[in-house]
Amino acid sequence: MIIMNNLRERKTYRVSVIILLIILCFLALIVATTFGTYKLSFIEVVKAIFYEREGMNRAIIWSIRFSRNIVAGLVGMCLALSGAILQGVMKNPLASPNIIGVSAGAGLAAISIMILFPHLTYLVTPMSFIGALLATMTIYILSWKDGISPLRVILSGIAISSFIGAGINTLLIFFPDRVYGVVDFMVGGLSAVGFKQANLIWPYAIIGLISSIIIAKKLNILQLGDDVAKSLGVNLELTRFILIALASLLAASAVSIVGLLGFVGLIVPHIARMIIGSDYRYLLPASALLGALILILCDTIARTILSPIELPVGIIMAAIGGPFFLYLLRNGIKGRTN
Amino acid sequence: MKRTNTKIITLFLVVLTMLIFMTGCVQETVEATVENEQILNEQDESAIVKESLIVEETDTILTFKDVGGELITVKKNPSRVISLYNSYLDSWYMSGGEAVGRVSGTTGVPEEAMDIETVGKWSQPNIEAILALDPDMVIMRATISKQRAIEDQLKANDIDTCYVDYTTFDEFLQVVEVFAHITGDASVFEETIKPMINNMDKLKEKVADIEGPEALVLFSTSKSLSIENEEGTTGAIVNELGGNNIVKENVAEGKTRIDFSLETIVERNPEIILIKTMGNIDDCKNTLEVNAMSNEAWNEIDAVKDGNIHYLDKNLFMYKPNKRYFEAYLTMAKLLYPNENFSEFDSEVAN
């Protein structure tokens, strides 16, 4: 009876946290759309979104600020989900989109185009997406030996990322006069993104969210160990392949739009785990919402702190997120993790 | 007969004395004229170069300040010079210098220096290749860390390091003055700089009473909106010609390109957009329209509504124009004031 009450209490807490995160995401979207370089009252912002169809207020609030916040939310969601899935499937707290070669693959593809074929830079987004997926597939194939072990995936990932990194560094050294723009991509930022980019990424975010609801139970089973998972009828290889493919798809879609924004995929799932525990049925949606929330808020700071000059959001993420994560590690919500 | 001889000798001596005196006078006059010319040249230079970098000069040594205020001392009239930045090699040749080595690439390289030895890339100079050419001075760009890194090795081999850096026209003149004093050839001021400045003054005078447009100088990258403020080469030309560069903000001294808020660009509403590109203009146009300028908010800007968007010639606005500075100014004047007739200046453009 006591156990049942505890479980019910824990479930209520987790559902409450998710509802709270949804509310916070909406609040963050409102706050982020209200504040910017161009000063407008809240009423003017509401008018610009719901009533006006043209004019400067509409252009700034709707086409620039609101659309950018939507992209920030979707990117945060995709990266955090990707990181949470990878940490689960690899059973490694250091797993992130970087480890499966997403960043390296996308980086090499994007930087090659920017440096070697600057006249084709409109291909940066699709090619970095393809590069990310190719790198992930290479790592997956190289780590296959009578099946996939998480350790081999991580080690292959480190080796391939290092190899690709050598290619990136060679390009940067041989073409230093063309690196402008490359730095922006490597730091990661949301400058000049809008509805066009939102249209590119929202299908992946929706697919990721729906899939995470479906696969959450299997991720929970994987945490019990391979033998238990097998005994419960889980096809280990197929499940791992699907999970890694999903994670790489999510991360590749985000990276191709904002650049190598690595911090979200690593830290946000840990923060979510500290708040809501390790049950993937709650952890995945919580990570997605927290990723969206953090990226919207950090991007708001990035575009307003030195206004009208903008900072790449990657810098703000690292500057605020790092110490905050350390604070949570030392003083986090005790007793809520299992 | 004896008296006649004495008279002749006396006359000869008088004539000789007069000749010596006159020669002395003429020589003194010539020296005075040369001195006057030197003074004149120095006066001209000081009128042209607003804030000279030169701190001290002797017959053999020149000491000047680099961009960071550090004092640089070099021996004058070096015979074997290497330039690690091709745009500065061009300025060096303009100032009467010659070189035995340069870095790879052809942009900015003067015709006479095309076939000299190369010593690596400007970002990665090869110290062995430099030492193999046995130079007595190396021209370097003060802000490139890889060039700074070889300074100790150069100095250990008794090679002078001549650090320079310039972005604007006034800074270019400062560097040309330094170079001219090192080579000992001031003719660049008379032959190139003075006509250039005269033409620029006439050009500025012509547009002085016309209200210049609000201008945005955009640097084309695939991902971010990079803007050049009024301290950059192009931004400064816009302002000098009476235009108003809408971006005056900066993050640090000397940083001319910044990531800027699209909101603020729409709010400040430029009448003309000038785009600097590194590659083919048609390709860059396509890239910019697909990526950075894809947001529909651009359509609210007057420059976009009027189609007043111009892609700038990289040789004049991306790289150092050096002797083509006036051409850069004239090109910009034509873009800023399309209704004005500048044909009287076309013949002044350097080939």
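Scope of the values below: all heavy atoms of this structure, side chains included, with no hydrogens, waters or symmetry mates. So you know, we letter chains A, B, ... as the sequences are listed, proteins then strands, and number each from 1.
- Taken to the nearest 0.5 Å, the CG atom of B:L262 stands 8.0 Å off from the OG atom of A:S191.
- The greatest number of non-hydrogen atom pairs below 4.5 Å with chain B, out of A:R65, A:E54, A:R303, is found for A:R65.
- Crowding of B:D306 atom CG: a count of heavy atoms from other residues, nucleotides or ligands under 6.0 Å exceeding 12.
- Counting only heavy atoms from C-beta outward, the side chains of A:I309 and B:D259 never approach each other to under 4.5 Å.
- Looking at B:E300, the atoms closer than 4.5 Å to chain A (heavy atoms on both sides) all sit in the side chain, from C-beta outward.
- Contact annotation: the side chain of A:S307 never approaches that of B:E263 to less than 4.5 Å [non-hydrogen atoms, C-beta and beyond].
- Distance check: B:I258 CD1 to A:L311 CG gives 11.0 Å after rounding to the nearest 0.5 Å.
- Here B:N269 contributes atom CG and A:M56 contributes atom CE; the two are 6.0 Å apart, rounded to the nearest 0.5 Å.
- Within 6.0 Å of CZ on A:F195 lie more than 12 heavy atoms contributed by other residues, nucleotides or ligands.
- B:E296 places none of its side-chain heavy atoms less than 4.5 Å from the side chain of A:K196.
- Contact check for A:I173 versus B:S123: no side-chain heavy atoms found under the 4.5 Å cut-off.
- Within a 6.0 Å radius of CG in A:L27, more than 12 heavy atoms belonging to other residues, nucleotides or ligands are found.
- Of the residues considered (A:G194, A:A59, A:S63, A:P308), A:P308 shows the highest number of contacts with chain B, using heavy-atom pairs under 4.5 Å.
- Considering OG1 of B:T264 and CD of A:E310, their distance stands at 7.5 Å, rounded to 0.5 Å.
- The residue among A:I64, A:I60, A:I61 with the most heavy atom pairs within less than 4.5 Å of chain B is A:I64.
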